[in-house]
Amino acid sequence: MNIHTIILAAGAGSRMKSNRAKVLQTIGGMSMLQRVLNKVEKLNSKATVVLGHQKESVLKHLNSISNNANTVIQEEQLGTADAVKSALSKTTAGEKVLVLYGDVPLVSSESLNTLIAEADQGFSILTTELDEPHGYGRVITDNANTALAIVEEKDATNTQRAIKEIFTGILCIDQELLIAGLQEITNENAAKEFYLTDLVKIISAKGIKIKPIKANNDEVRGANSKKELEALETILRDMNAEDLLEQGITLADKARTDVRGDVTAGSDCELDVNVILEGKIELGNNVSIGANNYLKNVVIGDNTRIEPFSHLCNAQVGANCNIGPYARLREGSVIEDAAKVGNFVETKKTILGKGAKANHFTYLGDAEIGDNTNIGAGTITCNYDGKNKHKTSVGEDSFIGTNSSLVAPVEIGKNAYVGAGSVITKDVPDNALAVGRGKQVIKEGYSKDKK
Ligand code: UD1
Ligand code: CA
């Protein structure tokens, strides 16, 4: 079945009190619109986004993220039916049209798949039951639980307002049936808007049975204000943490685990409190992540421990490593098996070889450090000359003394030594000792002579 998703994103969103368009507000570090598009991609559906308010910034955002969505402009926001109508030219006969809202980002793939399967009958709608249904369209059903109409709050009678089953805004319908139905929709209602929800009455009158598919409350929640946005953040955090528990990861506290991306993990991984996981995270077996860590796009091997307060971004860590506390691994850091990165060590575009150590106060940028080499406290690779970046390489089994500056480009061989406090500007051969510092001078009786 070919599905074409129309994403409504033309509304104003003034209650956000923000200069940023509503659908560009983020949850879990990603715009609501991108989250919806990711859902659509999972359905293998085409997508058309309806733009209106702040269309320039939304378009710019769409161009900056990877997606194949079409866009159309709804010039005036005349209602949800008008919004869908403006996207019709992108759809083709034989498709099922799925309507999603750009500000309802958490709907589950399961619910959407059930909705789409049910649309085999022609038309299906996604509903939910709310204790406080105020403001939403109420679903009117017959004894056989077939939907007969949706009545908007403003147009509802008191009896209808007591109905707790509400329309989520999400529906799926045959393209041809949609076109026929839209032609019959008028704006003769309390809001003087073209209501997409009128389709239910129009199409059920044609004898088509419309079955409401019930979703759970949380997944169909939208965000119109910062308060609602924060509520979505909490729901997302909870959903993602549940997912980690399902995968068998041990969490110290579900409410203090922030998963904002995709996590895969082997067995027996543990997360202490206040860990933020963004982007794509791959953990091996028995990985332990201490409290207050931030990880984005990171791969970590078996039995590795990340101590508290570390920051890892676009980095790769091998097995049996120890990182932190207070380590910073930046883009292009590759920490090989059994290596150790201690406190206040920053790495960037650097390979730290197997069993190598950089335990304290060090910057390694554009460097390649051989296996089992020890980088002393305070070692700095001087990789930048004010214009260009240069490479430092140190062979295996070498020892860089404390407080050394390695002025790149420079090569230090295997099994070589650098004396503490050296400024190394020339290559050091294998097995050599290099000392590059002022000689110590002793002036006997110096202080006595002064007096
Ligand atoms: C709509 C439904 C209501 C449902 C509720 C769920 C209608 C008439 N009513 O009401 O039954 O319970 O959603 O949240 O559909 N939009 C456009 N162009 C427009 C108008 C709206 O793109 O001309 C977009 C908005 O940006 C928003 C979505 O469509 O993302 C819904 O519009 P909104 O005005 O919020 O509809 P509701 O009154 O909440
Ligand atoms: Ca709304």
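For ligands, and for the atoms within them, numbers begin at 1 and follow the listed sequence. Nothing here was measured: the structure is a model prediction, and the numbers come from that model. Note: hydrogens, waters and symmetry copies are ignored here, and every other heavy atom, side chains too, is used.
For ligand 1, the polar-atom distance check against Thr80 finds a nitrogen or oxygen pair separated by under 3.5 Å. When only interatomic distances are considered, the shortest N/O to N/O separation between Tyr195 and ligand 1 does not fall below 3.5 Å. Considering backbone and side-chain N/O of Gly169, none are found under 3.5 Å from N/O of ligand 1. Annotation: Ala10 places an N or O atom under 3.5 Å from an N or O atom of ligand 1; distance criterion only. Taking any N or O of Thr197, backbone or side chain, none lies under 3.5 Å from an N or O belonging to ligand 1. Checking only distances, Ile150 never comes within under 3.5 Å of ligand 1, N or O to N or O.
For Asn286 and Asp268, the side-chain atoms include no donor-acceptor pair closer than 3.5 Å. Side-chain contact check for Glu165 and Thr141: no donor-acceptor pair (N or O, by modelled atom type) lies under 3.5 Å. Residues Thr392 and Thr381 bring no donor and acceptor atom of their side chains to less than 3.5 Å of each other. Between the side chains of Asn320 and Asp337, not a single donor N or O lies within less than 3.5 Å of an accepting N or O.
The backbone and the side chain of Phe167 each have at least one atom closer than 4.0 Å to an atom of ligand 1 (non-hydrogen atoms only). Contacts with ligand 1 closer than 4.0 Å are made by side-chain heavy atoms of Asp103 only, the backbone lying farther away. If you look at Glu193 next to ligand 1, there are no close heavy atoms at all, none under 4.0 Å. Counting heavy atoms under 4.0 Å from ligand 1, residue Val50 does not touch it at all.
Close contacts between ligand 1 and Leu8 involve ligand atoms 22 (O), 24 (C), 29 (O), 30 (O) [criterion: under 4.0 Å to a heavy atom]. Within ligand 1, counting atoms from 1 as listed, the ones closer than 4.0 Å to a heavy atom of Gly137 are 3 (C), 4 (C), 11 (O), 12 (O). Atom numbering of ligand 1 starts at 1 in the shown order; those under 4.0 Å from a heavy atom of Thr168 are 6 (C). Residue-ligand proximity, Ala83 to ligand 1, at heavy-atom distances under 4.0 Å covers atoms 17 (C), 18 (N), 22 (O).
Put simply, the side chain of Glu153 gets close to the backbone of Gly135: a donor and an acceptor are under 3.5 Å apart. Looking only at distances, a side-chain donor or acceptor of Ser57 sits under 3.5 Å from a matching main-chain atom of Gln54.
The residue from Gln74, Arg221, Gln77 that puts a heavy atom closest to atom 18 (N) of ligand 1 is Gln74.
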